[in-house]
Amino acid sequence: MINNLLEETGSPLTIGIAGHTRPDGDCVGAVLGMYSYLSNVYKNAKIKIFLEKPADMYSFLKGFDMIDSTFAYPGQFDVFFALDCGDIDRLEGAGKLFLGSKKSIAIDHHVSNTGYGDVSHVEPEASSTCEILTRLFEDEYMDADVAKALYTGIAHDTGVFRYSCTGPDTFMALSKLVKFGFDGSRITDETFFQKTYVQNQILGRSLLESILFMDGRCIASSIDRRAMEFYGVDSKDLDGIVNQLQITKGVEVAIFMYETGTLEYKVSMRSNGKVNVAEIASFFGGGGHVRAAGCNMNGTFYDVLNNLSAHIERQMETSQ
Ligand code: 5GP
Ligand code: MN
């Protein structure tokens, strides 16, 4: 229960909440779900949310307008929560607020979590941080706003209840949430499946230009800055491309990367299970989960691919 995590703090008067850089559905859901929940528990507390601006499609969630993306705060928080974030660097500007708080609590499901909080509650088997929060939250303080946010997060990190991380506990959590009554299919349609025209265009282009290698067991594609400028897209518009690459028949590992600077790429990897991509991403300074991970890498597209392939090949050899 969340109250156990808050032991010794009594009733906090100031609470900070943050999540990882480039927040995805689980991160946004966890942060806003926590915000709504804590607002119900601590009616007199001042609660602040620090997060890079999420995609507008999440604006239906309560607390979205309260998100502070400046990370500027002069004081010290009684309690600070870091959610869905594997390491302190990925908290970006919120890192120093987290470390400077009286009690820092990290709640996460990344296997690569470095244990950077005063309390680090990490469940690597959980589908999502939102699944963990659903278990930690007490019914009494939950409402439809909390439930909608947590449902959104679980839906996103499970690929709408399909990925192998979806287990019996995930469905138990979902059953606790759906009782609050909201339109779940509308949430998944509008935040997960629906794409803008340009998002579909850039997805199509990534698929057209993808390359298969290692006898069809790996697929890779990249988008450079010129293409992003041409289509008028930012990194949020590229979410989901790596998952589409991954469902190519015969593929074990999918790699998608986009250029973030000269000879700099943000890399996303997905695996069907034989290859542990968290291990590879961690080797290159990133992290994530066994089947979904990411990192930043330098070099040309082919340099990056060669570096990653060596690790993938080694793991494939040893797993045979
Ligand atoms: P995505 O490929 O969707 O950006 O990320 C897949 C998973 O890996 C997510 O759980 C995400 O938090 C994690 N991840 C992606 N990039 C990084 C990174 O640079 N460092 C760490 N620690 N985790 C990452
Ligand atoms: Mn997550």
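Order of appearance sets the numbers: ligands from 1, and atoms from 1 within every ligand. Atoms considered below: every heavy atom in the structure, side chains included; atoms not considered: hydrogens, waters and symmetry mates.
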Quick check on the Mn ion (ligand 2): does [X] put an N/O/S atom closer than 2.8 Å to it?
X      : answer
Asp24  : no
His109 : yes
Asp108 : no

Quick check: of its N, O or S atoms, which one does Asp84 have closest to the Mn ion (ligand 2)?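 In Asp84, the heteroatom (N, O or S) nearest the Mn ion (ligand 2) is OD1.
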
Qualifying residue for side-chain contact (heavy atoms from CB on, under 4.5 Å) with Ile219, from Ile247, Leu245, Ile211: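 Output: one option passes, namely Leu245.
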
Please determine, by modelled atom types, if [X] and [Y] share a side-chain donor-acceptor pair under 3.5 angstrom.
X      : Y      : answer
Asp303 : Thr300 : yes
Thr191 : His156 : yes
Ser69  : Glu52  : no
Asn272 : Gln246 : yes
His20  : Asp87  : no

Which bit of Ser268 gets closer than 4.0 Å to ligand 1, counting heavy atoms only: side chain, backbone, both or neither?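 Both parts.
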
Does CG belonging to Asn44 count more than 12 external heavy atoms closer than 6.0 Å?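 Atom CG in Asn44 is not packed in, count stays at 12 or less.
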
Nearest heavy-atom pair of Thr14 and Tyr73: which atoms, and what distance?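 Closest pair (atom of Thr14, atom of Tyr73, distance): CG2-OH, 4.1 Å.
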
Please report the closest heavy-atom contact between Cys85 and Asp108, naming both atoms and the distance.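 Between these two residues, the closest heavy atoms are O-OD2, 3.4 Å.
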
If you round to 10 degrees, what value do you get for the angle at the Mn ion (ligand 2) between Asp26 atom OD2 and Asp157 atom OD2?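 My answer is 80°, to the nearest 10°.
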
Protein residue, atom and distance nearest to [atom], heavy-atom basis:
atom                    : answer
atom 8 (O) of ligand 1  : Ala293 CA, 3.3 Å
atom 19 (O) of ligand 1 : Lys266 NZ, 2.9 Å
atom 22 (N) of ligand 1 : Asp87 OD2, 3.0 Å
atom 4 (O) of ligand 1  : Arg22 NH2, 3.3 Å
atom 9 (C) of ligand 1  : His110 NE2, 3.8 Å
atom 7 (C) of ligand 1  : Ala292 O, 3.5 Å

Check each of Met269, Met297, Arg270 against atom 5 (O) of ligand 1 and report the one with the nearest heavy atom.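 Shortest heavy-atom distance from atom 5 (O) of ligand 1: Arg270.
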
Which is closest to atom 17 (C) of ligand 1 by heavy-atom distance: His156, Arg90, His109?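 Answer by nearest heavy atom: Arg90.
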
Gly288: numbered ligand 1 atoms lying under 4.0 Å from its heavy atoms: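 Selected atoms, number and element: 8 (O), 13 (C), 23 (N).
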
Check ligand 1 against His289 and write out every atom of the ligand that is under 4.0 Å from a heavy-atom position of the residue.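 Counting from 1, the qualifying ligand atoms are 10 (O).
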
Less than 4.0 Å is my threshold; does some heavy atom of Gly86 fall inside it relative to ligand 1?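 Gly86: no contact with ligand 1 (<4.0 Å).
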
Could you establish whether Val242 and ligand 1 come within less than 4.0 Å of each other, counting only heavy atoms on the residue side?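 No, Val242 has no heavy atom closer than 4.0 Å to ligand 1.
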
Taking N or O atoms only and a 3.5 Å limit, does Ser112 qualify as a polar contact for ligand 1?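 Not met; the criterion fails.
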
Any N or O on Val267 sitting closer than 3.5 Å to an N or O of ligand 1?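 It does not: no N or O of Val267 is found under 3.5 Å from an N or O of ligand 1.
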
How are the rings of Tyr37 and Phe137 set relative to one another: parallel (under 30°), tilted (30 to 60°) or perpendicular (over 60°)?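 Tyr37 and Phe137: parallel rings.
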
Establish, yes or no, whether a centroid distance under 6.0 Å links the rings of Phe98 and Tyr116.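 Between Tyr116 and Phe98, which both carry aromatic rings, the centre distance is below 6.0 Å.
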
Run through Glu313, Glu317, Glu252 and flag the one making a salt bridge (Lys or Arg N to Asp or Glu O under 4.0 Å) with Lys274.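 Of all the options given, the one that passes is Glu252.
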
